[in-house]
Amino acid sequence: VKTETLLQHFGEEEKVLGAVTPPLFQNSLYTFPSCDEFMQTMQALPEQGPYVYARVGNPTARLVEEKIAALEGTETARLFAGGMAAISMGIMTQVAAGAHVVCADTCYGPTRQLLQEYLPKFGVATTFVDARCHEDVFDAVRPETTLIFLESPSSMLFRLQNLELIGRYGKEKKITTMIDSTWATPLFQNPARYGIDIVAHSASKYLGGHSDVIAGVLCGSHEWMARMTRTEVQIYAPSLSPFAAWLLLRGMRTLPVRMKQHQESGNRIAAYLEDHPAVERVFHPGLMSHPQRDLVTHQMHGTSSLFSFQPKVQSTEEVKAIVDRLVYFGIGVSWGGFESLAIPAQVQPLDWMEPRWIIRVHIGLEDTDDLIRDLDQALCP
Ligand SMILES: Cc1ncc(COP(=O)(O)O)c(C=O)c1O
């Protein structure tokens, strides 16, 4: 079935008491009719139930997991208490003391913090590379490399990595490949198609879509998931609460309609800013002028509405003043909800000689003419 239909019906063929929306299983534990059934279930911890304890599995979460796995084209998926919980757990399944990771240098800040500052405490090293060039990724690989971590399009500058070439390389060299695919959502990019082993999303963004839930998801194989359930999930207890899973299910019903609008509004406003006299450069994969446009059309089916631009003014005060003048754009972290947001940020990827100020904007579901007028008055007071 098509995505739109899948999101409404997949996994919901049986209606509990005829209820049109699935019930919320808020209970923490499950009881069994006999010791034998209890012991067998404890042994197997089956993904689809019977369930034992909400730390390792929950039917409300399972419904969401099945829908996301179906969208991503992976064997299975698991929800986490946030995108960072998903990313951290996914990485932890692939490293041990002495391991080495290769990571795209423009990855999300806390992902970098985990790899650069935290994991070295446990003897895990990471090399950050300008991963737009797949050769740079391959060159950074060492005999002890166990993981290649991608984020495409990446945070802040929305740079892409070649999923097909890197996925194939990972398979050949038996190195796990993992991607933070949050920006694209499962609608606009399916990395597993290219052999990427683990796909992570922060579901706090477009998947939830209403800025009222923090959640994350990992997609991959049954075999890997079963191992993670017995180890990282048991130990770190990063599972999503049932109510948050239920909210996520509700948000995901409208994902395709919302993404259609986000794409259209994001592209229109990015194109407007590209021609604006106060703007030096716009970083948005949806633009025809994006330097990796061929790759965008090759490996993605659409683009979302989080992007950044470099204003001509570069003093901290002037950049902050632009953002402060915005009326409809809230000043705040995160993105992917109904509302427009803007933040100033100073960034310096590996290939820039100096840090530059950019303004990152998320285009929400407001009227684009209103947003354009707002941006114009903020840029040219
Ligand atoms: C690209 C990206 N990945 C991961 C995360 C982390 O997700 P969460 O806030 O759900 O932990 C975020 C934002 O917060 C993000 O922007």
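Whatever order the structure lists them in is the order used to number ligands and atoms, beginning at 1. Treat the numbers as computed from the prediction; the structure is a model and nothing was measured.
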Colleague: Which of the atoms of ligand 1 are close to Ala215, meaning less than 4.0 Å from one of its heavy atoms?
Modeller: 10 (O)

Colleague: Under a 3.5 Å cutoff, is there a donor and acceptor pairing between the side chains of Thr368 and Arg268?
Modeller: yes

Colleague: Quick one: do Asp197 and Lys171 make a salt bridge, cutoff under 4.0 Å?
Modeller: yes

Colleague: Below 4.0 Å from any atom of ligand 1, is there a heavy atom belonging to Trp335?
Modeller: yes

Colleague: Do the side-chain N and O atoms of Glu339 and Ser211 include a donor-acceptor pair separated by under 3.5 angstrom?
Modeller: yes

Colleague: Going by the order shown, which atoms of ligand 1 are within less than 4.0 Å of some heavy atom of Asp180?
Modeller: 1 (C), 2 (C), 3 (N), 4 (C)

Colleague: Considering the heavy atoms of Ser204, write down every atom of ligand 1 situated less than 4.0 Å from one of them.
Modeller: 8 (P), 10 (O)

Colleague: Can a salt bridge be assigned to the pair Glu4 and Lys2 using a cut-off of 4.0 Å between side-chain N and carboxylate O?
Modeller: no

Colleague: Nearest to atom 14 (O) of ligand 1 by heavy atom, Glu151, Lys205, Arg360, Met84: which?
Modeller: Lys205

Colleague: What protein heavy atom lies closest to atom 12 (C) of ligand 1? Include the residue and the distance to one decimal.
Modeller: Tyr108 CZ, 3.4 Å

Colleague: Using a strict threshold of under 4.0 Å (side-chain N to carboxylate O), is an ion pair present between Asp370 and Arg373?
Modeller: yes

Colleague: Could you tell me whether some N/O pair between Gly83 and ligand 1 is separated by less than 3.5 angstrom?
Modeller: yes

Colleague: Closer than 4.0 Å to some heavy atom of Ser155 - which atoms of ligand 1 meet that?
Modeller: 1 (C)

Colleague: Answer with yes or no whether the side chains of His298 and Asn162 bring together a donor and an acceptor at under 3.5 Å.
Modeller: no

Colleague: Take Tyr169 and Thr177, measure what side chain to side chain donor-acceptor pair (under 3.5 Å) needs, and give me the verdict at the end.
Modeller: CA-CA 9 Å; Tyr169 176 89; Thr177 48; over 6 Å; no

Colleague: Looking only at heavy atoms, is any part of Ile87 under 4.0 Å from ligand 1, and if so is it the side chain, the backbone, or both, or is it neither?
Modeller: side chain

